Amino acid sequence: MLKVYNTRTRSKEEFVPIEGNTVRMYVCGPTVYDYPHIGNARSFAVFDSIRRYLEYRGYRVTYITNFTDIDDKMINRANEEGIEVSELAAKFISEYRKIEKQLNLKPATVNPRATEHIDDIVEMVDLIIKNGYGYDVHGDVYFSVPAFDAYGSLSRIPMDELTSGARVEVDENKKDPRDFALWKAEKPGEPSWDSPWGKGRPGWHAECSVMGRHYLGLPFDIHGGGQDLIFPHHENEIAQSAAAYGIEVPVKYWFHNGFLTMDSEKMSKSEGNFSTAREVLDNYDHQAVRLYLVTGQYRQPLDYNAKAVTQAIQSLERIKNAADSIRGRISILERIGSRESEDDKKLAEAAKKVREGFEREMDDDFNTPGALAEIFAFVREINTLVGDVGGAAVLREALAVLTELVGILGVNLTDASATDEGAALTSDTLKGVIEFLLELREEARKSKDFGKADQIRDRLKQIGVEVSDTKDGPTWKLS
RNA sequence: GCCGGUUUGGCGGAGAAGUUUACGCGACAGCCUGCAGAGCUGUUUUACCUGGGUGCAAAUCCCAGAGCCGGCUCCA
């Protein structure tokens, strides 16, 4: 049974989709005004793994994650750089696409953009006014927080506390300091759209309500984002959806990931202590970065530092080595023929066990560190047994299970020779040549000509072919 | 001020009352090996912020305190 922590109820609950085995999920995506930092990347990664696990569990997941391509930050940045807001958006959407690939994020069902849904936003704001929860002041439209009794249900901030909050914006147009903007009147030089209240643009929170409803319908199952979005962003989203469409609980489960800290402090653009995802991905193996991002449970804080990533690199290496050992053993069996043994059964048993353990851990609110522990237990079994396993089918099954499970965590174990580039490098002809060289090397080893044997191994290594010896003969792989 | 979260070994990081170890990284030793890589085994292990309390039994539950991090209309 899958149990998930729901911010709305502050407790772990059994996960039951609203409708059958379909899961409708929305995750707040980036505002495309700058390079995402590694903390943003954490959010992308954990929700990708959550999505993949739900799919593994047999749910049909519709996964929507947006690009916010119009807001104050977008406008300010575009002005600073002297370019159009749309150009700015295009630049950072393409940056996101790169990160998506490098972190092995499964593409969303749809990545809607706020500017593509202005009509829907206008319609929602209009409904909010008509239902008595919003008001227009000279082209600015505000949501009237005091009119909405349930306000604060997600963040659990008492209404009267809000007024004394440290950063309540001073705005003379607002009837109440807690009110927030649904629609902002046009200022000179800003992009704007027509509306019943004059030209203007949407407030920050409007888009997510609208796009969630547009692609998923209300209510939907899961809404995810960083913990910093609980208030005000998600609180306001609930208020908008409820006020406009009369749906009290527009989202069944709210998931919020913990922050990524940098040397124990919150990473934040305004504080200047951050690393962009780009810097990190340029400096470290992409897969290792992805693995690092799920080494902590998603709701806990995770610290970013060089040592933490280095450890992930080593952990990843261990997993990959186990996969390589299996592949190596399969190729040896092709050469020496199968000869099944007791160890075949043990490995098959271990493959079954790891699946159970992995599911048990992931079923507990997506406990990725626990799930990894199960995978490492399996890796040890593989390493212990692989040299004595005699059936290729068992090995293929073990490799398939390992690949599938780490795949949920975002690690792609595909063999280097299975990529296009790798396949070109390892044509049958070339394989034959490598095999022949290894035969020569074996002859040299038998006659104790280790100089010759090492020369062959070294030269192959130089051209990217790594040779390893096992008791049943050598194996090789592309490095 | 008002709300949250967090504190576990050399490091990262699970666990939430009970026998044997989470797991990973690092270090050391042994094994395997012509060598190398990888791997296996063992050690590092009386690890659970402090002080009280409840329990036969507490890292785990309760109370108090301390440290750290964060939210309170820019944020993943």
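If you're wondering where the values come from, they're calculated on a predicted model, not measured in any experiment. Below, chains carry the letters A, B, ... as their sequence lines are ordered, and counting in each starts from 1. All values below come from the heavy atoms of this structure, side chains included, with hydrogens, waters and symmetry mates left out.
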Partners passing salt bridge (charged side-chain N to carboxylate O under 4.0 Å, His left out) against A:Lys346 (at least two apart in sequence or in another chain): A:Asp343

Determine which pairs satisfy salt bridge (Lys or Arg N to Asp or Glu O under 4.0 Å) with at least one residue from residues 292-301 of chain A, sequence neighbours left out, and list them in order. A:Arg299-A:Asp365

Pair A:Arg278 + A:Asp282: basic N to acidic O under 4.0 Å: yes

Using the P atom in both, what is the distance from B:rU44 to B:rA22, to the nearest Å? 11 Å

With distance as the sole test, does A:Glu235 use its side chain to make a donor-acceptor pair with the main-chain N or O of A:Gly152 at under 3.5 Å? yes

In whole angstroms, the gap separating P of B:rU73 from CG of A:Asp72 amounts to 15 Å

Whole-angstrom distance between B:rG12 and B:rG4, as gauged at atom P: 27 Å

Chi-based syn or anti call at B:rG55, which uses purine or pyrimidine torsion atoms and a 90° bound: syn

Could you list the residues that satisfy side chain to side chain contact (heavy atoms under 4.5 Å, CB included) with A:Lys184, not counting sequence neighbours? A:Asp72, A:Asp140, A:Ala181, A:Arg201

A:Glu342, CD atom: more than 12 neighbouring heavy atoms under 6.0 Å: no

With a 4.0 Å heavy-atom cut-off, tell me which residues in residues 288-296 of chain A come close to RNA chain B, sorted by residue number. A:Thr295, A:Gly296

Enumerate the protein-to-nucleotides 15-21 of chain B contacts in which both atoms are nitrogen or oxygen and the separation is below 3.5 Å.
{"from": "B:rG15", "atom 1": "OP1", "to": "A:Asn367", "atom 2": "ND2", "distance (Å)": "3.1"}

Taking only Lys NZ, Arg NE, NH1 and NH2, and the carboxylate oxygens of Asp or Glu, determine whether A:Asp364 and A:Lys12 approach each other closer than 4.0 Å. yes

Pick out the pairs of N or O atoms, protein on one side and nucleotides 7-11 of chain B on the other, that lie under 3.5 Å.
{"from": "B:rC11", "atom 1": "O2", "to": "A:Gln311", "atom 2": "OE1", "distance (Å)": "2.9"}

Using a cut-off of 6.0 Å, state whether more than 12 heavy atoms not belonging to A:Lys448 lie near its atom NZ. no

Quick check on B:rG5: is either OP1 or OP2 less than 4.0 Å from any side-chain nitrogen or oxygen of A:Gln227? no

Using the P atoms only, state how far B:rU19 lies from B:rA47, rounded to an integer number of Å. 14 Å

Distance between C1' atoms of B:rC28 and B:rG71 (Å, rounded): 46 Å

Considering only side-chain heavy atoms of A:Thr261, which listed nucleotide, B:rC69, B:rC74, B:rU73, is closest? B:rC69

Along RNA chain B (nearest heavy atom to each residue), the more 5'-positioned of A:Ala373 and A:Lys73: A:Ala373

Mind checking salt bridge (charged side-chain N to carboxylate O under 4.0 Å, His left out) for A:Lys106 and listing every partner two or more places apart, or none if nothing turns up? A:Glu55

Short N-O contact, A:Arg457 and A:Asp454, less than 4.0 angstrom: yes

Rounded interatomic separation in angstrom, taking CZ from A:Phe231 and P from B:rC2: 18 Å

Here RNA chain B, pairs taken as Watson-Crick or G-U under 3.5 Å and shown with ( ), [ ] when crossing and | when to another strand, reads (((((((..(((.....[....)))((((((.......))))))....(((((..]....))))))))))))....

Using 4.0 Å as the upper bound for N to carboxylate O, is an ion pair formed by A:Lys446 and A:Glu443? no

Check this for me: does any side-chain nitrogen of one of A:Asp363 and A:Arg360 sit under 4.0 Å from a carboxylate oxygen of the other? no

Identify whether NZ of Lys or CZ of Arg in A:Arg51 sits under 6.0 Å from the centre of the six-membered ring of A:Tyr63 and within 45° of that ring's axis. yes

Whole-Å C1' distance, B:rC74 and B:rG55: 50 Å

Rounded off to whole Å, could you give me the CZ-to-C1' distance for the A:Arg156 and B:rC3 pair? 12 Å

Identify, with sequence neighbours excluded, every residue that meets side chain to side chain contact (heavy atoms under 4.5 Å, CB included) alongside A:Ser209. A:Met124, A:Glu237, A:Gln240, A:Ser241

Could you give the CD-to-C1' distance, from A:Gln240 to B:rU73, as a whole number of Å? 13 Å

SB check A:Glu404 A:Arg355 (cutoff 4.0 Å): yes

Rounding to an integer number of angstrom, what distance separates B:rC61 and B:rC48 when you compare their C1' atoms? 16 Å

Figure out the CZ/P separation between A:Arg360 and B:rC23, and round it to whole Å. 13 Å

With a 4.0 Å cut-off on heavy atoms, is A:Phe376 in touch with a base, just the backbone sugar-phosphate, or nothing at all? sugar-phosphate

Who passes side chain to side chain contact (heavy atoms under 4.5 Å, CB included) against A:Lys307, sequence neighbours left out? A:Asn305, A:Gln311

Under the side chain to side chain contact (heavy atoms under 4.5 Å, CB included) test, residues paired with A:His286 that sit two or more places apart: A:Gln102, A:Leu281

Position toward the 5' end of RNA chain B (nearest nucleotide), A:Leu229 or A:Pro301: A:Pro301

What integer number of Å spans the P atoms of B:rA27 and B:rC63? 44 Å

Whole-Å gap separating P (B:rC32) and CG (A:Asp472): 18 Å

Counting the atoms with a prime plus P, OP1 and OP2 as sugar-phosphate, which does A:Ile375 contact under 4.0 Å by heavy atoms, base, sugar-phosphate, or nothing? nothing

Whole-angstrom distance between B:rU73 and B:rA16, as gauged at atom C1': 37 Å

Tell me whether A:Arg97 is salt-bridged to A:Glu100, with the criterion being a basic N under 4.0 Å from an acidic carboxylate O. yes

Round to a whole Å and report the spacing from CG of A:Leu372 to P of B:rC25. 11 Å

Table of protein N/O atoms under 3.5 Å from nucleotides 35-39 of chain B N/O atoms:
{"from": "B:rC35", "atom 1": "O2", "to": "A:Arg457", "atom 2": "NH2", "distance (Å)": "2.5"}
{"from": "B:rC35", "atom 1": "N3", "to": "A:Arg457", "atom 2": "NH1", "distance (Å)": "2.8"}
{"from": "B:rC35", "atom 1": "N3", "to": "A:Arg457", "atom 2": "NH2", "distance (Å)": "3.4"}
{"from": "B:rC35", "atom 1": "N4", "to": "A:Asp469", "atom 2": "OD2", "distance (Å)": "2.8"}
{"from": "B:rA36", "atom 1": "N1", "to": "A:Asp469", "atom 2": "N", "distance (Å)": "3.4"}
{"from": "B:rA36", "atom 1": "N3", "to": "A:Arg457", "atom 2": "NH1", "distance (Å)": "3.2"}
{"from": "B:rA38", "atom 1": "O3'", "to": "A:Asn321", "atom 2": "ND2", "distance (Å)": "3.1"}
{"from": "B:rG39", "atom 1": "O3'", "to": "A:Asn383", "atom 2": "ND2", "distance (Å)": "3.2"}

